[in-house]
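If you read the sequence from its start, that first residue is 1, and numbering goes on from there. Counting starts at 1 for both ligands and their atoms, in listed order.
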Amino acid sequence: MQYFSTRNEKKLIPSYYAIKEGLAEDRGLFVPERIPEISLQQLRNMCSMNYQQRAYAVMRNYLPEFDEEELRDIISASYGSNFDVPTVAPVSFMDSKTGFLELWHGPTCAFKDIALQALPHLLTRSLQKADEKRTVCILVATSGDTGKAALEGFADVPGTKILVFYPRDGVSKTQRLQMITQSGENVFVSGVIGNFDDAQNGVKMIFADAKFAEELDKRGYFLSSANSINWGRLLPQIVYYFSAYCDSVNAGKILFGDSLTFAVPTGNFGDILAGWYAKQMGLPIRKLLCCSNQNNVLTDFIKSGTYDINRKFYTTISPSMDILVSSNLERLLYHISRDSSEVRSYMDALGKEGRYTVRHEILDAITKDFDAGFASDAETKESIREVYEKSRYLMDTHTATAWTILKKMRDAGEYTGPAIIVSTASPFKFSENVMTALRPDLPSMNLSTEDLARYTGQSVPAPLKNLEERQIRFEESVERSGMKDAVSRFLA
Ligand SMILES: *Cc1c(COP(=O)(O)O)cnc(C)c1O
């Protein structure tokens, strides 16, 4: 199993190189040359395994250069006592046909931990395999959750440095506090004046700057990515789709072999793309519902075949989904078209005109596996209250977006079968908006995680406790044009 860029299928590289580099030189994303299959018999066996064993059964197919012991070590280091439940990613069933796949039991209380607890281990081993002597500098643009999860994963990992840029006005107070109080000698955090796309574009420009790379090389550094464009991020996410399927079988919610629908709150298209890989590998998935907030560029794309970012950008109550350019879509376009020049032409058009339209064969293939919808903030808040009042299950704002869209589709008579909602954050991470959703009569100013805990009788997860009391280490914000200088200063 080798890898190549979505923009050039001729240059094959090993898995550890794809993980080490993050983004291809031609600015494409690395993809596996083919998608391996898991047989129904193997899937049946996975149902009696624990999460770590399921992770091994999935990930081994993609990492031929990692031997069994090595990969099992990586997995046990990634998914142990750093998660607050031994099941790592449990499914909580709300009724006979609806479950929440809870991906927020890790150290930062959001789904990014699943990948970012594994990536430092995958990456440091990849560097050894590639005989890389320089220090890797992880450069991250974050819409909120990736930043903290990456900091938590890489803090004080030998041979690495990590730099995180977040949109100054586009993350929640909790998210910001989590990042700017991060400990570790090898970490740097800065705000960017602008939105997530500004931060992400700034990071992409730094990656594309060959002269700067040369300069860093002289200083003994090279840049890599922990954004979900890195294959090492995507791969660990495929696992939980298999795991949720097995858990649904084990709980008697579906019969083995039945298909499941997954509703996925989507931003950069990484989480849901992992589900698509799972489906291609043979997991019985009926549809993947691509769920957006008011920033519904993906909804329009899946409905029309035109991806168009010439539109207003909204700051919503689900900030990790406030994205106009969903980078991982490029991987899907490659796998479906199998044509790097076609992918390049779409991405060129996106760069030049901010829009592209795919051929109708491509759109047909996409809608075979995906459906899409979006929810407004008002609908999302109403859902949080409705679900809490009906079943005492507390959803965060991102999860509630997906629940809302699934409900709308069920009400319309679609997807009456079993479905899993991918639950991407602890409600306590977005407590102010969750609290005002539950109690619209309260003034929203200064509602805290403790208020939510008191109101619901649930306890605040340990990583989110006493954030206000921690020492602030990073106060700086920079213009997008100043990002490169900030990197250069940190790596002086
Ligand atoms: C990152 C994130 C998402 C979106 O995931 P993508 O892989 O970017 O599509 C949704 N919800 C939360 C809480 C997140 O942190």
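- Using modelled atom types, one finds a donor on one side chain and an acceptor on the other under 3.5 Å when comparing S383 with T404.
- The nearest protein atom to atom 3 (C) of ligand 1, hydrogens excluded, is given as K112 NZ, 3.6 Å; this is a heavy-atom distance.
- Distances between N or O atoms of D396 and those of ligand 1 include no value under 3.5 Å.
- In this structure, P265 is part of the shell of residues with a heavy atom less than 4.0 angstrom from ligand 1.
- The nearest protein atom to atom 5 (O) of ligand 1, hydrogens excluded, is given as F111 CE2, 3.5 Å; this is a heavy-atom distance.
- One finds the NE2 atom of H398 at 13.0 Å from the CG atom of L103 (value rounded to the nearest 0.5 Å).
- Identified under the ring pair (Phe, Tyr, Trp, His ring centres under 6.0 Å) test for residues 279-303, with sequence neighbours left out: F301-Y307.
- Ranking the protein heavy atoms by distance from atom 11 (N) of ligand 1 puts T424 OG1, 2.8 Å first.
- For atom 9 (O) of ligand 1, the nearest non-hydrogen atom of the protein is G267 N, 2.8 Å.
- In terms of protein heavy-atom proximity, atom 7 (O) of ligand 1 is closest to D271 N, 2.8 Å.
- Nearest protein heavy-atom contact of atom 6 (P) of ligand 1 is N268 N, 3.5 Å.
- Near T266, meaning under 4.0 Å from any of its heavy atoms, are these atoms of ligand 1: 9 (O).
- In this structure, K279 fails the cation-pi test against Y241, since its NZ or CZ atom is not both closer than 6.0 Å to the six-membered ring centre and inside 45 degrees of the ring normal.
- When T380, D322, T397 are each tested for a side chain to side chain donor-acceptor pair (under 3.5 Å) with T316, only one passes: D322.
- For atom 13 (C) of ligand 1, the closest non-hydrogen atom of the protein is D145 OD2, 3.1 Å.
- Contact check for L235 versus L63: side-chain heavy atoms found under the 4.5 Å cut-off.
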K287 and E414: CA distance, side-chain angles, deciding distance, salt bridge (Lys or Arg N to Asp or Glu O under 4.0 Å) verdict: CA-CA 11 Å; K287 276 268 160 101; E414 303 162 54; over 6 Å; no

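- In summary, the atoms of ligand 1 found under 4.0 Å from a heavy atom of A425, numbered by their order in the structure, are 13 (C).
- Residue-ligand proximity, G270 to ligand 1, at heavy-atom distances under 4.0 Å covers atoms 6 (P), 7 (O), 9 (O).
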Please list every donor-acceptor pair under 3.5 Å in which a side-chain atom of residues 162-171 meets a protein atom from a residue at least two apart or in another chain.
unit_1 : atom_1 : unit_2 : atom_2 : d
Y166   : OH     : R176   : NE     : 3.0

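- At a 3.5 angstrom cut-off on N or O pairs, H398 does not count as close to ligand 1.
- In this structure, a donor-acceptor pair under 3.5 Å is present between the side chains of S318 and N293.
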